[in-house]
Amino acid sequence: MGSQPDGRLHITFLDVGQGDAIFIQTPSGRQILVDGGNFPNILTDQLGRHVPFWDRQIDMLIATHPDADHVAGLTSVFDRYRVSQLMTNGQAQNESAVYDAVLQAAAERKTTVHPAQAGEVVQIGDGVRLEVLNPGAVLRDDRNENSVALRLVYGDFSLLLTGDADEAAEEVMLANGRAISSLALKPGITAPTPPVLCLFEAVRPQILIISVGADNKLAIRTRKYWNAPRRWARPFCVPMNWDPLK
């Protein structure tokens, strides 16, 4: 189980049920995990399918926001792997019990915690970079609006991950003038609204990834995504292991 570096960028949308967990491996083997779903045991099992059993290093862990379906599984990562860096949206403890547990695990293992800020560019290596589009310097009351939104760029390929960013955050991302057009888009799970549809128009993705639990009420809401951008996007369902340049 697990795969060794093969000179390609791999992006895997892990099958964690309701929630997000996106595993990225760079051409030389650097490993990034964006969110971890709701269940630690499921996340551990899924990672074990993609990380060699002898590999106990995760280079960067990104907790987009404190909701349980994004971060509750992340505590298991600290139990099994050495995490070099934890990127957060800058929110402190007491946002949620599961988020507090993640911050506590990072503190106990002396993991560097880095609050993401719109406008920064994180160079991962191998020509891979993360462009941060959200949050800004001032956090909002709605934790979804504070989601870490990232544009992953590698050569001509780009993937936009928006956490659960909703109307206010998306309006700011559209207005700030930073590059947002991407080959692929993984939007949040909220029902599309006019600002969200404007985001689709700006991003113009050829591939749309929707990650939602089977038979969950949110799955019904996200069906609207399948019609809104259909003229220029191909929807995919997870689980999916994807080499964007293959």
Side-chain angles (χ1 to χ4, degrees), residues 8-14 20-27 30 32-35 60 62 64-65 70 87 89 116-136 144-190 192-212 222 224-246:
R8 293 174 172 173
L9 173 69
H10 292 269
I11 303 168
T12 306
F13 294 83
L14 301 178
D20 285 0
I22 301 139
F23 181 67
I24 301 163
Q25 181 174 282
T26 71
R30 292 182 175 88
I32 303 167
L33 178 65
V34 183
D35 289 335
M60 180 180 291
I62 301 173
T64 61
H65 64 297
H70 288 255
M87 178 183 285
N89 66 358
Q117 176 111 23
E120 70 174 309
V121 177
V122 181
Q123 299 290 347
I124 304 301
D126 303 319
V128 180
R129 69 179 185 270
L130 298 175
E131 301 173 354
V132 181
L133 303 177
N134 196 64
N144 282 350
E145 301 288 21
N146 296 323
S147 291
V148 177
L150 301 164
R151 184 171 177 259
L152 183 151
V153 181
Y154 177 57
D156 294 331
F157 170 78
S158 52
L159 165 67
L160 180 60
L161 303 171
T162 64
D164 276 348
D166 211 335
E167 295 180 36
E170 286 167 346
E171 287 177 332
V172 171
M173 285 189 277
L174 288 170
N176 64 22
R178 299 187 181 96
I180 199 168
S181 176
S182 300
L183 176 70
L185 168 66
K186 207 299 292 179
I189 57 174
T190 53
T193 58
V196 177
L197 299 182
C198 288
L199 182 73
F200 280 137
E201 291 289 349
V203 177
R204 289 193 167 271
Q206 295 181 34
I207 299 169
L208 179 66
I209 301 110
I210 298 172
S211 178
V212 67
T222 53
K224 297 181 181 179
Y225 281 123
W226 292 70
N227 295 320
R230 209 174 257 274
R231 62 188 178 278
W232 26 258
R234 288 184 293 145
F236 274 96
C237 290
V238 293
M240 182 173 71
N241 189 321
W242 181 31
D243 174 358
L245 299 184
K246 191 171 183 178

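This one's a predicted model, so the numbers in the text were calculated from it and none came from an experiment. All values below were derived from every heavy atom in this structure, side-chain atoms included, with hydrogens, water molecules and symmetry-related copies excluded.
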Test item: [X] and [Y] side chains (from C-beta on) under 4.5 Å apart, heavy atoms:
{"X": "Leu152", "Y": "Leu9", "result": "yes"}
{"X": "Leu160", "Y": "Leu133", "result": "yes"}
{"X": "Phe157", "Y": "Ile11", "result": "yes"}

Value rounded to 0.5 Å, distance of [atom1] in [X] from [atom2] in [Y]:
{"X": "Asn146", "Y": "Asn134", "atom1": "CG", "atom2": "CG", "value": "7.0 Å"}
{"X": "Ile209", "Y": "Leu185", "atom1": "CD1", "atom2": "CG", "value": "7.0 Å"}
{"X": "Ser182", "Y": "Gln206", "atom1": "OG", "atom2": "CD", "value": "11.0 Å"}
{"X": "Leu161", "Y": "Thr64", "atom1": "CG", "atom2": "OG1", "value": "9.5 Å"}
{"X": "Lys186", "Y": "Asp20", "atom1": "NZ", "atom2": "CG", "value": "3.5 Å"}
{"X": "Leu130", "Y": "Ile24", "atom1": "CG", "atom2": "CD1", "value": "6.5 Å"}

| message | Can you list everything that forms a side-chain hydrogen bond (donor to acceptor under 3.5 Å, both in side chains) with Glu120? Sequence neighbours excluded, please. | response |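 Per chain and number, Glu120 pairs via side-chain hydrogen bond (donor to acceptor under 3.5 Å, both in side chains) with His114.
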Between [X] (side chain only) and [Y] (backbone N and O only), is there a donor and an acceptor less than 3.5 Å apart?
{"X": "Arg30", "Y": "Ile124", "value": "yes"}
{"X": "Asn176", "Y": "Arg178", "value": "yes"}
{"X": "Ser158", "Y": "Leu183", "value": "yes"}
{"X": "Glu145", "Y": "Ala169", "value": "yes"}
{"X": "Asp35", "Y": "Ile22", "value": "no"}
{"X": "Ser147", "Y": "Asp164", "value": "yes"}
{"X": "Glu131", "Y": "Val121", "value": "no"}
{"X": "Arg151", "Y": "Ser181", "value": "yes"}

| task | Could you tell me which non-hydrogen atom of Tyr154 sits nearest to which non-hydrogen atom of Pro27, and how far apart they are? | result | OH-CG, 3.3 Å
